[in-house]
Amino acid sequence: MMMKKKLLVTDLDGTFVKNSQEVAKKDREFLIQIKSDMHLGIATGRSVKEIEYIEQQIQTTVDVKIGFNGGLIEVAGKKAFEAFIDRKNLADLLFYIQSNDLVYDALDGKRRIGTYVTEDKGRVWNVHLIKPQDMFAEILPLKIYKINIRPETGRCDNVLAQLQNHFPNLSICKSGPRRIEITPSAITKGSAIEFICKKESLEVIAVGDSENDISMFQAAKKSFCLSHASQEVQAQADIIIDNFYEVGKFID
């Protein structure tokens, strides 16, 4: 990845895209300002297609794209790694979702396939929401990077514990009060950072705000957490900030 020694990796929702719709002017200006000094990366539970949507919005590109919490990694525009939920676990997950009447969406890199719907179309970044007629027939043949489970308010922690108990060989974490993210075993944002650092000698700076960013904080040399995050997430970061652009106060 050329000669720069530092890599700044940011989460999207709640961090670089604070309102999950558009990048604030100061945040965009800061990202472009530091682009000549270090590599830039985005790590998200969303797809790489949605990272590209944000690149179009800010009119600049990033060097590292980490989609699906590490399930797909692109470096300098080339695919470097990918991992899918294996067919047996996928079938068992779909059966569990159906049996417990859970709202879900399965991500194949191009679409969100499931029962999840939203009235806030600004949060859906050029990715179609598809409701399957037969979830097994339509999802099982696909390569699925990640599944989101969206429990009712107040049920998330209980559903999370049940899923972790039923599927100990998958990576499962909460990433909001009503969202649980499921990826293949050992696939996290932190594992993606470690993969990249094995290929390149880089000092990683990570910025995030959610439970799925904790592994990235732990893998980074320096980590920043947004102040609206839970105390549990804040406790895992080195520095707490109110806005993404404030990272500039603490880096050389």
Inset, instruction - Give, for atom CD1 of Ile144 and atom OG1 of Thr183, the distance between the pair rounded to the nearest 0.5 Å. - result: 13.0 Å
Inset, instruction - Compare all side-chain heavy atoms of Thr115 with those of Arg150 and state whether any distance is below 4.5 angstrom. - result: no
Legend entry - Side-chain donor-acceptor contact under 3.5 Å, Ser185 with Asn169: no
Legend entry - SB check Glu50 Arg112 (cutoff 4.0 Å): yes
Legend entry - Other residues, nucleotides, ligands: >12 heavy atoms within 6.0 Å of Phe95 CZ: no
Inset, instruction - Go through the steps to decide whether Ile193 and Ile66 satisfy the test side-chain contact (heavy atoms from CB on, under 4.5 Å), and finish with yes or no. - result: CA-CA 9 Å; Ile193 297 297; Ile66 299 169; 4.1 Å; yes
Inset, instruction - Find out whether Leu7 and Ile196 are in side-chain contact, i.e. whether some heavy atom of one side chain is under 4.5 Å from a heavy atom of the other. - result: yes
Legend entry - Flag side-chain contact, heavy atom, 4.5 Å: Asp108 against Ile113: yes
Inset, instruction - For residues Ala206 and Ala220, report the shortest heavy-atom separation together with the two atoms involved. - result: CB-CB, 3.7 Å
Inset, instruction - Could you tell me which non-hydrogen atom of Cys197 sits nearest to which non-hydrogen atom of Val204, and how far apart they are? - result: SG-CG2, 3.5 Å
Inset, instruction - Could you verify whether a donor N or O on one side chain and an acceptor N or O on the other, from Glu181 and Ser175, lie under 3.5 Å apart? - result: yes
Legend entry - Closest heavy-atom pair and its distance - Ser223, Ala237: OG-CA, 3.3 Å
Inset, instruction - Check whether Ile58 and Ile42 end up in the same hydrophobic cluster, where Ile, Leu, Val, Met, Phe, Trp and Tyr are linked by side-chain heavy atoms less than 4.5 Å apart. - result: yes
Legend entry - Check: Pro184 main-chain N/O paired with Ser171 side-chain donor or acceptor under 3.5 Å: yes
Legend entry - Flag side-chain contact, heavy atom, 4.5 Å: Asp27 against Thr10: no
Legend entry - Distance (rounded to the nearest 0.5 Å) between Leu226 CG and Phe244 CZ: 9.5 Å
Inset, instruction - Measure from the side-chain N and O atoms of Lys146 to the backbone N and O of Ile85, and report whether any donor-acceptor pair falls under 3.5 Å. - result: no
Inset, instruction - Considering non-hydrogen atoms only, spot the tightest contact between Gly190 and Ser215 and give its length. - result: N-OG, 2.9 Å
Legend entry - Expected output: side-chain Arg87 to main-chain Leu140 donor-acceptor under 3.5 Å: yes
Legend entry - Spacing of NZ belonging to Lys65 relative to CG belonging to Leu40, to within rounding of 0.5 Å: 12.0 Å
Inset, instruction - Would you check, one step at a time, whether the test salt bridge (charged side-chain N to carboxylate O under 4.0 Å, His left out) holds for Lys189 with Asp213? - result: CA-CA 7 Å; Lys189 292 184 182 183; Asp213 295 316; 2.6 Å; yes
Legend entry - Side chain Glu211, main chain Cys173, donor-acceptor under 3.5 Å: no
Legend entry - Gln236 side-chain N/O to Phe217 backbone N/O, donor-acceptor pair under 3.5 Å: no
Legend entry - Asp13 and Arg46 ion-paired at < 4.0 Å: yes
Legend entry - Contact summary for Asp11 and Gly208, nearest pair of heavy atoms: CB-CA, 3.9 Å
Inset, instruction - Using a 4.5 Å cut-off on heavy atoms from C-beta on, say whether the side chain of Glu55 contacts that of Thr60. - result: no
Inset, instruction - For Glu138 and Gln133, work out which heavy atoms get closest and say how close. - result: OE2-N, 2.7 Å
Legend entry - Arg111/Asp105 salt bridge by N-O under 4.0 Å criterion: no
Legend entry - Validation row: Ile205, Val9 side chains within 4.5 angstrom (heavy atoms): no
Legend entry - Donor-acceptor side-chain pairing of Asn89 and Asp92 below 3.5 angstrom: no
Inset, instruction - Please round to the nearest 0.5 Å and tell me the distance separating atom NZ of Lys221 and atom CD1 of Ile251. - result: 15.0 Å
Legend entry - Side-chain donor-acceptor pair present, Glu82, Tyr145, cut-off under 3.5 Å: yes
Legend entry - Spacing of Lys26 atom NZ and Leu31 atom CG [to the nearest 0.5 Å]: 16.0 Å
Inset, instruction - Taking the side chain as every heavy atom from C-beta outward, state whether Arg178 and Thr153 have any pair of such atoms under 4.5 Å apart. - result: yes
Legend entry - Rounded distance [0.5 Å steps], CG in Asn69 versus CD1 in Ile187: 10.0 Å
Legend entry - Short N-O contact, Lys18 and Asp209, less than 4.0 angstrom: no
Legend entry - Pair Gln162-Asn165, side-chain donor/acceptor within less than 3.5 Å: no
Inset, instruction - May I ask you to say whether Lys174 pairs ionically with Asp157, meaning some side-chain N is under 4.0 Å from a carboxylate O? - result: yes
Inset, instruction - Check whether any side-chain N or O of Asp134 sits under 3.5 Å from a backbone N or O of Phe136 as a donor-acceptor pair, and report yes or no. - result: yes
Legend entry - Test item: His228 side-chain N/O and Gly14 main-chain N/O as donor-acceptor pair under 3.5 Å: yes
Inset, instruction - Verify the cluster assignment for Tyr245 and Phe250: are they in a single hydrophobic cluster under the rule of side-chain heavy atoms below 4.5 Å apart? - result: yes
Inset, instruction - Answer whether the closest heavy-atom distance between the side chains of Leu12 and Ile51 falls below 4.5 Å. - result: yes
